[in-house]
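Input: a single structure, listed below in structure tokens.
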Amino acid sequence: MEAEPNDNEGGRVTSNSGTDFIRELIQSDADHGPYGGRVQTRFPPEPNGFLHIGHAKSICLNFGVAAEHGGRTVLRFDDTNPETEDERYVAAIREDLAWLGFEPSEVVYASDYFDQLHRWAVQLIEQGLAYVDDQDAETISENRGGFTTPGVDSPWRDRSVDENRDLFERMTAGEFGEGQRVLRAKIDMNHENMQMRDPVMYRIRNQHHFRTGDSWVIYPTYDWAHGQSDAIEGTTHSLCTLEFDSHRPLYDWFHGALGLGDDRPRQTEFARLNLTHTVLSKRRLLQLVDDGHVDGWDDARMPTVRGLRRRGYPAQAIRDFCGHIGIARVNGTHEIELLESFVRRQHNATALRRMAVLDPLEVVITNWPDGQTDTREAINNPEDDTAGVREVPFSGRLFIERDDFMLDPPSKFFRLAPGREVRLRAGYFITCNDVETGPDGEVIRLICTYDPETAGGQAPDGRKVKATIHWVAAETALDVKVELYERLFTEALPGADGADPMASLNPDSRLTRTAKAEPALADIAPGEVVQFERLGYFARDLDDDPNTSPTRFHRTVGLRDEWANIQKRQG
RNA sequence: UGGCCCGUAGUUCAACUGGUUAGAACGUCGGACUUUGACUCCGGAUGUUGCAGGUUCGAGUCCUGCCGGGCCAGCCA
């Protein structure tokens with residue numbers, strides 16, 4: 001693995017260093033670990049929500065490291081809690097995973113292992129390492145103790161093996177109500193690690209499970225199901241986020257108690273992804289949806305895979321980002337700008353160019369032959385010779401961007417102003433001779449002339465212009481709805497210092513405009529991303545009717561904008 | 001309050017496991033180029049490696065103590 005830092009060959013970007021502590025561990029295990037060179041990972045989502053960019057990091061890691069060693073990655077749905085889980089999430093997760101570009105070696109469910117888990121639970125009971133507790137949830141919680149106070153043994157902790165076995169079978173058979181009894185591991189109520197104070201293995205839930213139906217009324221907890229599922233599948237490296245660090249001793253304890261061999265799975269934790277100006281917790285995302293701050297899980301402002309997809313973020317850019325940010329044990333927050341830079345890099349190479357005007361200002365060309373329409377040829381993508389050219393209609397009445405004109409421009413402003421000449425991209429040079437203003441002094445129309453000698457954009461006399469601006473011919477313009485997005489949260493770290501994250505929700509995170517666009521925009525398919533010249537990348541809505549002219553675009557990300565920086569600096 | 005994890009440019013990560021002047025990306029600033037103020041190219045700035053001691057010829061790396069942040073007391077995952 002001699003990857004150069006930030007190697008961008010073939011459009012694939014490697015991580016900062018090309019390696020990380022997890023890859024080093026796996027390499028070492030592959031060389032002389034207990035797995036005989038085998039590497040197997042798993043991605044274990046709970047089917048109760050949609051995948052987001054944080055999951056993408058985990059997916060890239062799990063699938064990435066396995067692939068690097070010719071290993072396998074299992075997609076395992078962690079369906080141990082029928083309360084919130086549902087089939088529809090399974091479908092969505094599989095779809096998102098495929099869109100991200102990953103194919104699992106196998107698709108399984110923790111519920112596939114319910115029989116085995118149950119047999120193992122009985123085994124632990126017989127070994128005297130698990131017991132049925134009759135205490136209710138509140139009492140169990142009280143008796144668990146605190147960080148500085150030891151726990152109190154349950155009065156049912158020393159039941160006989162026979163009684164435990166009998167009670168557990170009756171739990172399984174549905175003789176008791178929810179919350180009446182649980183199965184607990186018998187470890188140490190005085191352990192300094194709270195996870196080891198006799199954790200619950202099974203609880204009673206009289207609920208219909210979307211896969212096992214009504215055949216079970218007891219369901220394994222995460223701690224009991226997860227590590228054992230890993231073991232059943234032959235996972236070698238169980239990679240999870242930092243908050244499970246304190247669960248690792250328990251993860252290992254179960255395997256040890258069951259007498260698993262040295263080739264049992266090992267858990268390694270890494271930092272979850274955080275991104276500025278957004279939230280990534282399931283709870284917060286749900287809140288955004290439920291409170292109607294966004295249209296749904298697939299709203300283009302959501303950091304969900306579906307949201308990013310609608311927004312026009314390419315899977316490749318997401319993968320490159322995940323590969324680049326690396327893996328560490330430090331809980332940090334990545335700047336969303338980094339993700340955006342990968343999105344731009346990708347689209348710059350591949351996106352077709354089109355012209356659209358978001359805030360139209362009318363331009364009348366006084367020396368243009370009345371009623372005549374000309375056709376200009378424009379390059380589809382200067383970064384890609386194979387993308388070809390297209391025809392753009394030109395006429396005596398045009399729209400340009402309101403921002404591209406100033407009545408009284410500062411010295412740094414290069415664009416159009418009274419008496420100034422600029423180039424219309426792929427068109428002609430035009431000069432502004434006069435300005436029509438409305439009652440409040442606002443500019444409503446520019447009176448210009450064009451230079452017929454500058455067709456194609458070059459002046460035969462060699463004179464230069466300081467700016468090239470985009471434009472659209474009025475008569476042939478398409479009206480399209482364009483969604484402009486700003487940060488979902490104004491604060492870089494919503495909820496920092498204990499604040500309510502929702503307090504920094506940006507009320508103007510979406511701005512809808514009706515843009516004037518050139519006719520060739522009709523060539524763009526739903527889901528496809530184009531560059532509106534000088535403005536940014538825009539994705540045609542996925543649900544737009546492919547048989548009609550485009551009606552809706554989402555701004556994926558703006559272009560880098562030096563002029564905006566200059567303005568910002570000068571206040 | 002106890003235990004565990006973690007502190008390296010603004011941000012995220014490197015630093016060949018104790019060895020020369022601590023690097024890169026994104027961001028930022030300046031310049032070149034330009035029919036996108038984009039892209040590309042060149043260059044600059046930003047570090048008391050959290051702090052204080054210690055070991056050593058030599059410490060970002062090892063040790064001790066502080067400080068700061070995160071996680072843990074669900075029958076959630």
Note: A:Glu533-A:Arg425 ion pair, threshold 4.0 Å (strictly below): yes
Pairing of A:Arg329 and A:Glu269 as salt bridge, 4.0 angstrom limit: yes
Below the 4.0 Å mark, does [N] have OP1 or OP2 next to a side-chain nitrogen or oxygen of [X]?
X: A:Asn565; N: B:U28; value: yes
X: A:Arg569; N: B:G30; value: yes
X: A:Arg203; N: B:C76; value: yes
X: A:Thr80; N: B:A77; value: yes

Full working for side chain to side chain contact (heavy atoms under 4.5 Å, CB included) between A:Leu239 and A:Gln267: CA-CA 6 Å; A:Leu239 311 177; A:Gln267 173 181 308; over 6 Å; no
Distance in angstrom units between [X] [atom1] and [N] [atom2], rounded:
X: A:Glu340; N: B:U11; atom1: CD; atom2: C1'; result: 14 Å
X: A:Ile327; N: B:A25; atom1: CD1; atom2: P; result: 21 Å
X: A:Phe270; N: B:C13; atom1: CZ; atom2: P; result: 12 Å
X: A:Met189; N: B:A73; atom1: CE; atom2: C1'; result: 10 Å
X: A:Leu285; N: B:A77; atom1: CG; atom2: P; result: 20 Å
X: A:Met194; N: B:C71; atom1: CE; atom2: C1'; result: 13 Å
X: A:Leu242; N: B:A77; atom1: CG; atom2: P; result: 20 Å
X: A:Asp79; N: B:C76; atom1: CG; atom2: P; result: 15 Å

Regarding [X], tell me which of base, sugar-phosphate or nothing describes its non-hydrogen contacts under 4.0 Å with the strands shown.
X: A:Thr333; answer: sugar-phosphate
X: A:His191; answer: nothing
X: A:Glu24; answer: base
X: A:Arg425; answer: base
X: A:Gly146; answer: base
X: A:Gln458; answer: base
X: A:Val330; answer: sugar-phosphate
X: A:Glu533; answer: base
X: A:Asn331; answer: sugar-phosphate

Taking pairing as Watson-Crick or G-U wobble with both contacts under 3.5 Å, can you name the mate of [N], or confirm there isn't one?
N: B:A14; value: none
N: B:U64; value: B:A52
N: B:G43; value: B:C29
N: B:C4; value: B:G70

Nearest heavy atoms of A:Arg423 and A:Thr468, plus distance in Å: NE-OG1, 3.1 Å
Is the gap between the ring centers of [X] and [Y] under 6.0 Å?
X: A:Tyr131; Y: A:Trp156; result: no
X: A:His118; Y: A:Phe168; result: yes
X: A:His347; Y: A:Tyr537; result: yes

Compare the aromatic ring of A:Phe147 with the six-membered base ring of B:G2 and state whether they stack according to the 5.5 Å and 30° rule. yes
Here's a test of your reading of the structure: between A:Glu178 and A:Lys57, which maps to the more 5' nucleotide of RNA chain B? A:Lys57
Please measure how far the [atom1] atom in [N] lies from the corresponding atom in [M], and state the result in whole Å.
N: B:C57; M: B:G18; atom1: C1'; value: 12 Å
N: B:C5; M: B:U64; atom1: P; value: 12 Å
N: B:U46; M: B:C6; atom1: P; value: 31 Å
N: B:G60; M: B:C76; atom1: C1'; value: 40 Å
N: B:U20; M: B:G3; atom1: P; value: 37 Å
N: B:G19; M: B:G30; atom1: C1'; value: 36 Å
N: B:U11; M: B:U48; atom1: P; value: 11 Å
N: B:A9; M: B:A52; atom1: P; value: 15 Å

Applying side chain to side chain contact (heavy atoms under 4.5 Å, CB included) to A:Leu338 and A:Ile325, what does each step give before you reach the verdict? CA-CA 9 Å; A:Leu338 181 62; A:Ile325 57 178; 4.0 Å; yes
Taking the side chain of [X] as heavy atoms from C-beta outward, which of [options] is closest to it?
X: A:Arg144; options: B:A73, B:C72, B:C26; result: B:A73
X: A:Phe244; options: B:C6, B:A25, B:A77; result: B:A77
X: A:Ser246; options: B:C5, B:C72, B:C75; result: B:C72

Output the distance between atom CG (A:Leu61) and atom CD1 (A:Ile327), rounded to the nearest 0.5 Å. 3.5 Å
Neighbours of RNA chain B within residues 132-141 of chain A, by heavy-atom distance under 4.0 Å: A:Gln135, A:Asp136, A:Ala137, A:Ile140, A:Ser141
In terms of ring plane angle, is the pair A:His52 and A:His55 parallel, tilted or perpendicular, where the classes change at 30° and 60°? tilted
Take the angle between the ring planes of A:Phe553 and A:Phe532 and call it parallel below 30°, perpendicular above 60°, tilted in between. tilted
Going by a 90° cut-off around 0, is B:U17 syn or anti? syn
When you check the glycosidic angle of B:G27, does it come out syn, meaning within 90° of 0, or anti? anti
Does the base of B:G10 carry an N or O that pairs as donor and acceptor with the side chain of A:Glu335 under 3.5 Å? yes
Between A:Asn190 and A:Arg197, does any side-chain donor sit less than 3.5 Å from a side-chain acceptor? no
What does nucleotides 37-47 of chain B look like as a protein-contact string, B for base, S for sugar-phosphate only, - for none, at under 4.0 angstrom between heavy atoms? BBB--------
Main chain of A:Ala110, side chain of A:Asp79: is a donor-acceptor contact present, judged purely on distance under 3.5 Å? yes
Only one of A:Arg42, A:Glu233, A:Arg248, A:Arg266 forms a side-chain hydrogen bond (donor to acceptor under 3.5 Å, both in side chains) with A:Ser238, so which one is it? A:Arg42
